[in-house]
Amino acid sequence: MTPTRETFGNIPAASQWLFYALSILSMVVFAWGVWRRVKLWRVGQPVGIRESLRGRWMEVWGRWKPGVKRVAVEGLGQERVKGRGWTSAAHIGLFIGFMMLFLGTTLLEIDHLAGKISESWSFHHGNYYVVYELVLDVAGLLFLVGCFFFLWRRLQRPSSLGHRLSDYWVILSFIAIGVTGYLVEGLRIGWQKPTGLGAQCSPVGLWISHAFSGWNESSVRGWHWAVWWLHSLLVLGFIASIPFTRLFHFIAGPLNLLLAK
C-alpha cells in the first residue's frame, strides 16, 4: 500500500466548508489589523518604493540587493538572535519548527487543490509523503521545545522582558496548537491504522496513537473530528491575532530589513 493520507479524512463536507468560511474571516481580521499598522507607517517618512522600481532590472536589483541580503542573513538566517546561549538556540528551533510547519500546511493545501483539478496532479503520497511526515514530526518537536523554553523564561519574569497579557496568549496558543496537532495525528493514525512506512514516518503521532488502541473506531473518529476543530480554531485565532500582538514582527521585521536604507 502506497503511504498516504486523505487531507480532510474523517472531516465531513459541511465542516470543510465552515472551515474555509472561518479561514476567510480570519484573513479579513488579519488584513484589517495590518491595514491599521500601514496607516500608521504612512505618517512617517516615505521609503520611495515606486522610485526604487524604475530603470533597468540590473539597476532595480542593485537598489534592492542589500535589503534582500539582510532579510536572508538577519531574518531567515536568524543572525540577529545569535550569541545569547540557550535563548538563541530555543528561538532558532522555534523559528525553524514554525517555518517548516507553515510550509508543510501550505504544501498540503496545494496538493488538496491540485487533486481537485486532477487526481494525477496530487503528489502527497509515496516517498514524498514519508519524508514530509517525518520532517514535520521533527519540526513539531523543535517548535514545542522552543515554546516551553520561552514559557519557562517568561514565568521567571526577567527584567529584560515586557509582560503584556497578549504575550501569554501568544506562547500558550503556540503550545496548544502544537499539542493538538500531535493529538490530531495520533487520533488519525488510530482510526486509519496505517502500516509499514505509512505509520513509522510519523513517530510522535504513532506513539500517541497507542493511547487510543483500546478505543472503538467510532470513538476515535469522533474525538479526531473534535480535536481537529479545536486545532483549526486555535490556528485561525492565531492568524487573526498576529497584527495585534508582538508576533507582528513576523511581518514588520522582514519589511524593515528589506526597505531600510
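One is the number of the first residue; the rest follow in order along the sequence.
The salt bridge (charged side-chain N to carboxylate O under 4.0 Å, His left out) analysis of residues 195-210, with sequence neighbours excluded, yields no pairs. A side-chain hydrogen bond (donor to acceptor under 3.5 Å, both in side chains) check over residues 34-48, counting only residues at least two apart or in different chains, returns nothing.
The ring-ring contact (aromatic ring centres under 6.0 Å, His included) search around Tyr129 returns His124, not counting sequence neighbours. Looking at residues two or more places apart in sequence or on another chain, you find a salt bridge (charged side-chain N to carboxylate O under 4.0 Å, His left out) between Glu133 and Arg5, Arg188. Not counting sequence neighbours, the partners of Trp32 by the ring-ring contact (aromatic ring centres under 6.0 Å, His included) test are Phe244. Residues that satisfy the side-chain hydrogen bond (donor to acceptor under 3.5 Å, both in side chains) test with Thr245, not counting sequence neighbours, are absent from this structure. Partners of Trp152 according to the ring-ring contact (aromatic ring centres under 6.0 Å, His included) rule, which considers only residues two or more places apart in sequence or in another chain, are Phe149.
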Side-chain polar contacts of residues 6-19 - donor-acceptor pairs under 3.5 angstrom, sequence neighbours left out - could you list them?
from, atom 1, to, atom 2, distance (Å)
Asn10, OD1, Arg221, NH1, 3.1
Asn10, ND2, Arg221, O, 2.8
Asn10, ND2, His224, ND1, 3.0
Ser15, OG, Trp225, NE1, 3.1
Ser15, OG, Trp229, NE1, 3.3
Gln16, NE2, Ile11, O, 2.9

Name every donor-acceptor pair, under 3.5 Å, that has one atom in a side chain of residues 93-107 and the other anywhere in the protein, sequence neighbours excluded.
from, atom 1, to, atom 2, distance (Å)
Thr105, OG1, Leu101, O, 2.9
Thr106, OG1, Phe102, O, 2.9

Please output the side-chain donor-acceptor pairs of residues 203-210 that fall under 3.5 Å, not counting sequence neighbours, one pair per line with the distance.
from, atom 1, to, atom 2, distance (Å)
Ser209, OG, Leu206, O, 2.5

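The other residues sharing a hydrophobic cluster with Trp121 are Ile117, where clustering joins ILVMFWY side chains under 4.5 Å apart. In this structure, Leu40 stands alone, with no Ile, Leu, Val, Met, Phe, Trp or Tyr side-chain heavy atom under 4.5 Å from its own, directly or through other members.
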